[in-house]
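These values consider heavy atoms only, across backbone and side chains, with no hydrogens, waters or symmetry-generated copies. Throughout, residue positions are numbered sequentially from 1 according to the sequence presented. This is a predicted model, so every value here is computed, not measured.
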Amino acid sequence: VDLKLFKPYANDQQASKFYLSLITAAAFEERKGIQYMVSALASYPHKEKIKYNIFGSGPMASELKRLIKFHKLDTQVIINKPTNTISKVLPKNDAFVLLSKGEAMPLAPLEAMASGLPLLVSNYEPYPEFVNASFGFMVDREDVKQIHGVLDELLQKQKLKQLKTSAREAAKQFSWENAVKAYLEI
C-alpha cells in the first residue's frame, strides 16, 4: 500500500463531529455484504449517530437503494458514485466497513488502514490473516448483535482514537517499501 498517498489528515478533523462516519468503497455485489451493514443499521438503537458513506456501483445498486428506502435510512446511508480520489475521501471518515465473503487481495481495507481507519470486516478469509483487535473487528456478517457491539465501541471517542492510530501503524507492514524489501530477500 502506498503510505504517502494513503494517510490520515495531520490534525483530526473529526474531533468536533457529533456522529460516527463509516465508509465502504466496493463493487455493489452480494458477496461484498453491504446489505448486511444497511440491515444492521436499521435496527441499531443509536443510528442517528451514524453516517454510512457507500462508494461504488454494480448489479446490487437498485437493491441497496430499495433497502435504504425500506428501512428509512436516507439520512444515515448515502450512496456515492465510484471515485478515483479515494485517498482524499477515506481520511474524512472514522472507520472502514467491508463485510465481504472473501477477498483475493484486500487492497481497499489496507488503504483504509493506511488512512488511519479501523476496520469492521467479516470473519471470512483473508481477514483473519491480518486483522487484529488493536485496529479492527471481525464479525459474522449476518449477526446484527455483533455489528451493533462494534458500533457501540466505535462511538467511544477515546477507543476510536486508539484504533485509528493502531490502524495506520499496522498498515506500515504492507507498505511498498516493505514489500520490495521482502521480495529482495528471497
Side-chain angles (χ1 to χ4, degrees), residues 1-26 32-34 36-38 40-41 43-55 76-78 86-100 103 105-141 143-179:
V1 94
D2 186 340
L3 294 173
K4 291 177 183 141
L5 180 63
F6 292 92
K7 59 188 173 201
Y9 287 132
N11 58 356
D12 190 3
Q13 296 182 342
Q14 305 304 93
S16 62
K17 285 190 333 191
F18 298 108
Y19 60 88
L20 177 71
S21 182
L22 306 174
I23 183 170
T24 293
K32 296 293 186 176
I34 300 168
Y36 296 108
M37 189 64 199
V38 172
L41 281 175
S43 61
Y44 186 56
H46 309 293
K47 65 180 157 230
E48 75 284 352
K49 296 179 181 178
I50 308 285
K51 295 286 183 205
Y52 183 30
N53 299 296
I54 306 169
F55 285 83
Q76 280 85 24
V77 182
I78 294 91
I86 196 70
S87 62
K88 290 179 176 38
V89 174
L90 285 169
K92 295 177 183 175
N93 293 273
D94 295 310
F96 184 83
V97 179
L98 191 57
L99 300 177
S100 62
E103 291 291 322
M105 177 56 187
L107 190 57
L110 294 174
E111 291 170 344
M113 289 167 54
S115 299
L117 302 187
L119 305 179
L120 167 52
V121 295
S122 72
N123 54 7
Y124 286 99
E125 293 295 334
Y127 303 120
E129 295 175 25
F130 73 94
V131 176
N132 69 56
S134 72
F135 63 84
F137 303 89
M138 287 184 291
V139 299
D140 174 339
R141 68 191 197 154
D143 189 329
V144 172
K145 286 185 181 179
Q146 279 186 17
I147 296 169
H148 288 179
V150 171
L151 294 176
D152 287 342
E153 286 198 56
L154 291 172
L155 281 168
Q156 298 172 28
K157 286 194 181 240
Q158 220 28 55
K159 171 84 174 183
L160 181 60
K161 188 174 181 179
Q162 288 174 310
L163 290 164
K164 287 178 158 211
T165 301
S166 296
R168 173 68 180 179
E169 212 42 51
K172 291 178 181 176
Q173 68 182 310
F174 301 102
S175 71
W176 284 116
E177 290 82 12
N178 284 341

Rounded to the nearest 0.5 Å, how far apart are [atom1] of [X] and [atom2] of [Y]?
X: Ile23; Y: Leu117; atom1: CD1; atom2: CG; answer: 7.5 Å
X: Glu169; Y: Met113; atom1: CD; atom2: CE; answer: 10.5 Å
X: Leu99; Y: Lys32; atom1: CG; atom2: NZ; answer: 11.5 Å
X: Leu98; Y: Met37; atom1: CG; atom2: CE; answer: 11.5 Å
X: Leu151; Y: Lys49; atom1: CG; atom2: NZ; answer: 11.5 Å
X: Phe137; Y: Asn132; atom1: CZ; atom2: CG; answer: 11.0 Å

*Would you say the side-chain atoms of His148 pair up with the backbone N or O of Ala40, donor to acceptor, closer than 3.5 Å?*
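Yes, His148 side chain to Ala40 backbone: donor-acceptor pair under 3.5 Å.
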*Counting N and O atoms only, with roles assigned by atom type, does the side chain of Asp94 sit under 3.5 Å from a partner on the main chain of Ser21, one being a donor and the other an acceptor?*
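Yes, because the side chain of Asp94 sits within donor-acceptor range (under 3.5 Å) of the backbone of Ser21.
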*Do Asp152 and Tyr44 come close enough that some side-chain heavy atom pair is under 4.5 Å?*
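The answer is yes, as the side chains (C-beta and beyond) meet within the 4.5 Å cut-off.
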*How far apart are the C-alpha atoms of Leu120 and Leu22, what are their side-chain angles, what is the distance that settles it, and do they pass the side-chain contact (heavy atoms from CB on, under 4.5 Å) test?*
CA-CA 9 Å; Leu120 167 52; Leu22 306 174; 5.6 Å; no
*In sequence, state the C-alpha distance, the side-chain angles, and the governing distance for Thr24 and Tyr52, and then conclude on side-chain contact (heavy atoms from CB on, under 4.5 Å).*
CA-CA 8 Å; Thr24 293; Tyr52 183 30; 2.7 Å; yes
*Sole candidate of Tyr36, Tyr124, Tyr127 that passes side chain to side chain donor-acceptor pair (under 3.5 Å) when paired with Ser100*: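 Looking at Tyr36, Tyr124, Tyr127, the match for Ser100 under the side chain to side chain donor-acceptor pair (under 3.5 Å) is Tyr127.
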*Which atom pair, heavy atoms only, marks the closest approach of Glu48 to Gln76?*
CA-NE2, 3.8 Å
